[in-house]
K.L.:
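There's a structure below that I have some questions on.
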There are 2 protein chains.
Amino acid sequence: MRGKGGRQTIRDLAAMAGVSISTASKALNDTGRMGEETRQRVKRVAREIGFRPNALAQGLLSKRSFTIGLLTNDTYGRFTLPVMAGVSEALVDRGVSVFLCAIEDDPALGQVHVDAMLDKQVDGIIATGKRVDRRLPIDLSDVPVPVVYAFTEGGPDSVSFRSDDAHGATLAVEWLKASGRQRIVHVTGPEDFFSVRERSGAFRAVTGNGATVLFGEWSETWGRDAVDRIWSSPGEKPDALFCGNDQIARGAVDALRERGIRVPEDVAIVGFDNWEIVAAQMRPPLTSVDMDLKELGRQAGLTILALAEGQPVEPGVRTLPCRLVVRQSCGVGSPKTEKRR
Amino acid sequence: MRGKGGRQTIRDLAAMAGVSISTASKALNDTGRMGEETRQRVKRVAREIGFRPNALAQGLLSKRSFTIGLLTNDTYGRFTLPVMAGVSEALVDRGVSVFLCAIEDDPALGQVHVDAMLDKQVDGIIATGKRVDRRLPIDLSDVPVPVVYAFTEGGPDSVSFRSDDAHGATLAVEWLKASGRQRIVHVTGPEDFFSVRERSGAFRAVTGNGATVLFGEWSETWGRDAVDRIWSSPGEKPDALFCGNDQIARGAVDALRERGIRVPEDVAIVGFDNWEIVAAQMRPPLTSVDMDLKELGRQAGLTILALAEGQPVEPGVRTLPCRLVVRQSCGVGSPKTEKRR
DNA sequence: GTCAAATGAGAAAACGTTTTCTCAATGAAA
DNA sequence: TTTCATTGAGAAAACGTTTTCTCATTTGAC
């Protein structure tokens, strides 16, 4: 019935149901006036022939395409994928589809994608990236549709979402303290990252003044180097490491093992990002702070939808709480459940 | 000029250029007949006001939306992301945008996404997955638009693309042999994977009959276990391991190091997938077979476009050659370049 | 000067919807 | 019966393009 060359239009439907096009439309949308029997007949025929309205035609008239764009410069997709999943999940049952545009760091490419999306009359654009304190290489401040920023820096007066990294760090430290650790060291990424400063700030605040923070890069190598540096200097050694991401944690655990130091018995480890593919494969599996990027995506999706519908949305930065995903790198005494705020 | 409420339509453009709508349209599309001066004037005004035609209106008329859908059940995006990048790269400068739909393994969700895309009149759908010998949880055999399968099993008479895993395995083995290795063992994933059989088949063919193949799972743990098993059994030890993926390779390297066996001096390692984030962070960095999924995506994109334009495309499975990405896990004597077929 | 061909440009139809307007038929109140 | 409100349903306009027609004017050949 379907299939063969082009879909059924409302004109076909109207003919089959023996009504006019306008009546057919009104029947389907539960608007207008007509006999109940007529309305049901149209609906029944529609169901039978599998009629689905052409969204292009609807969009032309309604000025709503039920389409949004997700712009990202995060090539690996490590941050973008969860965000995308959240956006999609929030919007799919409202009939909204998502254009994904990976623009690397190329402004020209970005412009091409943005233009293509605007031509297609997207109802809004969500900008996302790989770093919360950097802008995308393209200026979205005067595109003619609403824009929401997620995990990337937005312009002034923009609506943006990011995780509450200070909260994440606090969760980690409190967990370590609660499991009896006294001397916690924070091994993290480059200090010019906003999230590094957020996390280390909270770390210092919660641990007290003296606590050590080591800044480096986002790599396993740095995790190993940091451990080497700590354990080859004199003085008391830490009984816990809070690492700035899961890769650093991985490097640290490897280096500890090589030194014959046991995790979690001698040293407990907490990571950041909860990058499943790393955290869960480690031995022992890594307890890690999850930024809940999917939820962030969900909220960004709902917000862009609200904006598209003309609802007012307060500009500003919204931060979302983190979660601690407990695995075995902090000891087995700990409950295995997740901890939420 | 732009921005304020709604974009300029061709009607505005025509008025500003002092011509009729039809003349404006023909001027922009270099069709129809008119004075050269008129044509240029229209184009100039269009440029000045930044006119861009509404793709919804164009699509309504032309039956082409310049939009395609990418359907995937690969949640991590490990395979989907490179494919997506290739698709997008191939299509963006032809004005085609891509809907990304992650459907997990949920048929109902898949149907919702497919329906939404069809409503939006996508010109075609590319189906992609996480495993070459499994179907998506939804039947695409009678959607009314062209479908191309990439890195997932397509129906009979479908057009599909996958990497030539036998070729990849051959590349790996020949590289190891060329660098003087004699006793190569293949440590790979579960035998019920088509790609495992492809690779191990080629491995056996190239190494000669006696060569050992160990089937297991796709994890670091299995890589470690395999090394333990090999080195704790009696007999001559291998001087090279060809691993079924990069995670297995990683586990193997870790286990070897713990045994004091040097990589690459004592044992050379080649991985599969060239998953940058794993392969490049390892120490030593891992030489790995790259399935060139981006190229696969590019070709899928071009193919779906051809189909959308009504060009005939031969059904069947197309396999694409792999590349060997040489890093340091096979010795430094080897050239540092990539090897292609 | 006549006629055919070429040129320049606009009118109108079409794409598939939704929405507003119109109108005839029905029913009820006087 | 007349009048008026209500009901059911269709006609037409609109959304922003592209394309096909039509037509008046100019050009060129004789």
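Residue numbering restarts at 1 for every chain, and letters A, B, ... go by the order of the sequence lines.
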K.L.:
Any base atoms under 4.0 Å from A:Thr9, or only sugar-phosphate, or nothing? Heavy atoms, all strands.
P.N.:
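Sugar-phosphate contact only.
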K.L.:
Can A:Asp119 and B:Arg7 be counted as an ion pair, charged N to O under 4.0 angstrom?
P.N.:
yes
K.L.:
Give A:Ile21 one of three labels, base, sugar-phosphate or nothing, depending on what nucleic acid heavy atoms sit under 4.0 Å from its own.
P.N.:
base
K.L.:
The criterion is side-chain hydrogen bond (donor to acceptor under 3.5 Å, both in side chains); which residues satisfy it with B:Arg78, sequence neighbours excluded?
P.N.:
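If we apply the side-chain hydrogen bond (donor to acceptor under 3.5 Å, both in side chains) test to B:Arg78, skipping adjacent residues, the hits are B:Gln247, B:Asp273.
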K.L.:
Using five base pairs at each end to define the local axes, how bent is the helix from C:dG1-D:dC30 to C:dA30-D:dT1, to the nearest 10°?
P.N.:
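Rounded value for the end-axis angle: 60°.
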K.L.:
Looking at DNA chain C, which of residues 57-64 of chain B put a heavy atom within less than 4.0 Å of it?
P.N.:
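Residues of residues 57-64 of chain B that come under 4.0 Å of DNA chain C are, in numerical order, B:Leu60, B:Leu61, B:Lys63.
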K.L.:
Are there any protein N/O atoms within less than 3.5 Å of an N/O atom in nucleotides 6-8 of chain C, and if so, which ones and at what distance?
P.N.:
residue: C:dG8; atom: N7; partner: B:Arg33; partner atom: NE; Å: 3.3
residue: C:dG8; atom: N7; partner: B:Arg33; partner atom: NH2; Å: 3.4
residue: C:dG8; atom: O6; partner: B:Arg33; partner atom: NH2; Å: 2.5

K.L.:
Under the ring-ring contact (aromatic ring centres under 6.0 Å, His included) test, which residues partner B:Phe79, sequence neighbours left out?
P.N.:
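Expected list: B:Phe151.
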K.L.:
Taking the nucleotide of DNA chain C with the nearest heavy atom to each, does B:Ser20 or A:Arg11 sit closer to the 5' end?
P.N.:
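With B:Ser20 and A:Arg11 compared, the 5'-side residue is B:Ser20.
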K.L.:
Taking any atom closer than 4.0 angstrom to a non-hydrogen atom of chain B, what span of DNA chain D does the protein reach, first nucleotide to last?
P.N.:
D:dG16 to D:dT19
K.L.:
Check the pair B:Asp74, B:Thr72 against side-chain hydrogen bond (donor to acceptor under 3.5 Å, both in side chains), reporting the backbone distance first and the verdict last.
P.N.:
CA-CA 6 Å; B:Asp74 168 29; B:Thr72 180; 4.9 Å; no
K.L.:
Please name all residues satisfying side-chain hydrogen bond (donor to acceptor under 3.5 Å, both in side chains) with B:Lys63, sequence neighbours left out, ordered by chain then number.
P.N.:
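Partners of B:Lys63 by the side-chain hydrogen bond (donor to acceptor under 3.5 Å, both in side chains) criterion come out as none, since no residue qualifies.
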K.L.:
Tell me the salt bridge (Lys or Arg N to Asp or Glu O under 4.0 Å) pairs involving residues 79-100 of chain A, sequence neighbours left out?
P.N.:
A:Glu89-A:Lys294
K.L.:
Does A:Ser20 have any side-chain contact (heavy atoms from CB on, under 4.5 Å) partners at least two apart in sequence or in another chain, and if so, which?
P.N.:
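Result, side-chain contact (heavy atoms from CB on, under 4.5 Å) vs A:Ser20: A:Ser22, A:Thr23.
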K.L.:
For B:Lys120, is there an ion pair with B:Asp115 - N to carboxylate O distance below 4.0 angstrom?
P.N.:
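The answer is no: the pair does not qualify as a salt bridge.
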K.L.:
For A:Phe161, enumerate each residue passing the ring-ring contact (aromatic ring centres under 6.0 Å, His included) test, keeping only those at least two apart in sequence or located in another chain.
P.N.:
none
K.L.:
Do the side chains of A:Asp105 and A:Lys130 get close enough for a salt bridge, i.e. N-O under 4.0 angstrom?
P.N.:
yes
K.L.:
So does B:Arg64 pair up with B:Glu309, basic N to acidic O under 4.0 Å?
P.N.:
yes
K.L.:
Would you please name every residue forming a side-chain contact (heavy atoms from CB on, under 4.5 Å) with B:Glu314, sequence neighbours left out?
P.N.:
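Per chain and number, B:Glu314 pairs via side-chain contact (heavy atoms from CB on, under 4.5 Å) with B:Arg318.
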K.L.:
A:Glu276: what forms a side-chain contact (heavy atoms from CB on, under 4.5 Å) with it, not counting sequence neighbours?
P.N.:
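Checked A:Glu276 against side-chain contact (heavy atoms from CB on, under 4.5 Å); matches are A:Asn274, A:Ala280, A:Arg327, B:Tyr76.
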